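Contents: one structure, followed by commentary.
Atoms within each ligand, like the ligands themselves, are counted from 1 in listed order. Note that the structure is predicted; figures quoted are calculated from it, not measured. Nothing fancy with the numbering, it's 1 onward along the sequence.
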Amino acid sequence: MSLLKQKLSARVPALRDEIKALLAAHGETKISEVNVGQAFGGMRGVMGMICDTSQVSPETGLIIRGRPILELTDKWPEEILWLLLTGENPSAEELADLRSELKKREGVPAYVWDVLRAMPADSHPMTMLNSAILVMQKESVFAARYHEMGKNEYWEAALEDALNMLARLPELAAGVYRMRYNKGERIAPDASLDWAANYVHMLGLPESEDSYNMMRLYLTLHSDHEGGNVSAFTCHTVGSALSDPYYAVSAGLNGLAGPLHGLANQECLGFVMQLIERFGGVPTHAQVEEVCWELLNGGHVIPGYGHAVLRAEDPRFTAFYAFGKKHCSDGDVFKTVSVLYETAPEVLKKQGKAKNPWPNVDAGSGALLYHYGLTEFAYYTVLFSVSRAMGLLSQLIINRAIGSPIMRPKSESTEWVKNFVASAASAG
Ligand code: CMX
């Protein structure tokens, strides 16, 4: 048994007992209220679900198991996966064991490549990735064992699926890249490399300690963002029907493919490139300001800025920006990202609509990827997905461990709300 499974096996019964006791004593205690604005407004701020892997504070941003993300930027993704699942940093032995678990599960089935080859050559890379994950559903241990296992074993089957999926995702995602952008044959994994470095290797990008570190940082920073964002919420909902992790993750990542969510990093670099093209190089602050107003006046968003929860600069942006300043501050792309950073928040503040005018994670990540040779920005959400799969799967395993039931919030009609507020007004 892997050390990760051993650790979780020791934890899960206590976690179940703790939740059972909490529900018995406080099941009826109110923790949130919902108003009409929230019911029509994407349930913003409604505290209606549990996520133990991470929280997002409006001021501090992402906090993984109690640790602010800026304290974790030197961690590699495998360490983050361990932390997400167990709440602890792995020992050297535990980390080595997790790495070898992932290594031995590598190997994307041949039929997946056949399906991808049959897709239209101009398919979006996210469509290719998510289709491929769905096609691999036949590998699901959870689905295969569903009729014979007891509820208490669900998390173990989910863990099997999670480790298999995570082991294969870099190879799959790199294969999507090479196929979609005609980069030649797929590149086989290198057994001597860690999860992130191996991904750089299989993508066929120039390899150096710097490019490895950029990818380690990228995969660490995007790993999780509590439970209510579109991809996590979707994965949770689909998983709650006991659809297996392949169905649930593919569904969640389809949400990540939306321009208001993960696709914003593609949009963001596209915007930066348009600025460079339009102004023949790095634009001035005045030029960027003019274009930002054009976007807002045309009813468009400034990609990479604003957030549903954050009310400060996203610390993940802060970390990327610091890395970029150190390693790629000479390039036009990074310089343009900087001008945008110094301009867009002021424009958004002046317009006064966005509750958070500051950059989010997507505002800076593309400049780094571009610098290290990944210039096809329609691919960027696939990178985001490889990382975010760690959070989605960690949440899903924990949810199966604690026996989270099927999701079923109540909806009502607009007519119902009109009647409700009318009778509340006449009663008051
Ligand atoms: N540019 C222009 N307008 C913006 C804006 C931006 N970057 N951010 C918010 N607004 C607008 C909203 O569209 C909304 O306008 P309406 O009232 O006309 O609908 C108004 O400001 C209030 O929005 P909000 O409460 O501040 O933000 P929401 O919680 O509704 O939306 C988000 C959050 C991220 C969708 C929004 O800020 C946005 O569209 N940003 C640009 C896209 C982006 O960068 N997305 C990536 C987010 C990170 C991620 O999930 O990956």
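Taking only nitrogen or oxygen atoms, main chain and side chain alike, H300 does not reach within less than 3.5 Å of ligand 1. Where the criterion is an N or O separation shorter than 3.5 Å, residue side chain and backbone included, I302 meets it with respect to ligand 1. Among the atoms of R311, none of the N or O lies under 3.5 angstrom from an N or O of ligand 1.
Atoms of ligand 1 found under 4.0 Å from any heavy atom of G304, numbered from 1 in the order shown, are 43 (C), 44 (O). Ligand 1 places these atoms under 4.0 Å from at least one heavy atom of R44: 28 (P), 29 (O), 30 (O). Counting the atoms of ligand 1 from 1 in the order shown, those under 4.0 Å from a heavy atom of A264 are 43 (C), 44 (O), 45 (N), 46 (C). Less than 4.0 angstrom separates some heavy atom of L348 from each of these atoms of ligand 1: 1 (N), 2 (C), 6 (C).
Residues N356 and R311 bring no donor and acceptor atom of their side chains to less than 3.5 Å of each other. Inspection of the S54 and E226 side chains reveals no N or O donor paired with an N or O acceptor under 3.5 Å. For the residue pair H236/N399, the side-chain donor-acceptor check at 3.5 Å is satisfied. Counting only N and O atoms by type, the side chains of N130 and S250 include no donor and acceptor under 3.5 Å apart. Residues N89 and R67 bring a donor and an acceptor atom of their side chains to less than 3.5 Å of each other. Side-chain atoms of N164 and E139 form no donor-acceptor pair, as typed in the model, at a separation below 3.5 Å. Defined by atom type and a distance below 3.5 Å, a donor-acceptor pair is missing between the side-chain atoms of S140 and Y146. A donor-acceptor pair shorter than 3.5 Å cannot be found between the side chains of D210 and S208.
Atom 47 (C) of ligand 1 is approached by the protein to below 4.0 angstrom, counting heavy atoms only. For atom 33 (C) of ligand 1, a protein heavy-atom neighbour is present inside the 4.0 Å cut-off. Protein heavy atoms are absent from the space less than 4.0 angstrom from atom 19 (O) of ligand 1. Distance screen at 4.0 Å: atom 2 (C) of ligand 1 has a protein heavy-atom neighbour inside the cut-off.
When hydrogens are left out, the protein atom nearest atom 7 (N) of ligand 1 is Y305 O, 2.7 Å; that is the closest non-hydrogen contact. The single protein non-hydrogen atom nearest to atom 49 (C) of ligand 1 is H261 ND1, 3.6 Å, given as residue, atom name and distance. Atom 39 (O) of ligand 1 has its closest protein heavy atom at L260 CD2, 3.4 Å. With hydrogens left out, the protein atom closest to atom 8 (N) of ligand 1 is A354 CB, 3.7 Å, a heavy atom. The protein atom (non-hydrogen) at minimum distance from atom 25 (O) of ligand 1 is K355 NZ, 2.8 Å.
One option in K353, H307, Q351, R388 has a heavy atom closer to atom 17 (O) of ligand 1 than any other, and that option is K353.
At a heavy-atom distance under 4.0 Å, only side-chain atoms of L296, from C-beta outward, approach ligand 1. Residue contacts with ligand 1 for A308 involve both N, CA, C or O and side-chain atoms from C-beta outward (heavy atoms, distance under 4.0 Å). Within the 4.0 Å heavy-atom criterion, both parts of V301, backbone and side chain, lie near ligand 1. Proximity of D362 to ligand 1, defined as any heavy-atom pair under 4.0 Å, is confined to the side chain (atoms from C-beta onward).
Contact annotation: the side chain of L396 never approaches that of L392 to less than 4.5 Å [non-hydrogen atoms, C-beta and beyond].
When ring centroids are compared, F142 and Y246 stay outside the 6.0 Å threshold.
Results of the ring-ring contact (aromatic ring centres under 6.0 Å, His included) test with F317 over Y305, Y341, W358, F323 single out Y341 as the only residue that passes.
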(request) Would you check, one step at a time, whether the test salt bridge (charged side-chain N to carboxylate O under 4.0 Å, His left out) holds for E346 with K350? (result) CA-CA 6 Å; E346 292 312 311; K350 256 186 222 154; over 6 Å; no
(message) Using the rule given for side-chain hydrogen bond (donor to acceptor under 3.5 Å, both in side chains), can you reason through E342 versus H285, listing the C-alpha separation, both sets of side-chain angles and the distance that settles it, and then say yes or no?
(response) CA-CA 8 Å; E342 286 153 8; H285 290 77; 2.7 Å; yes
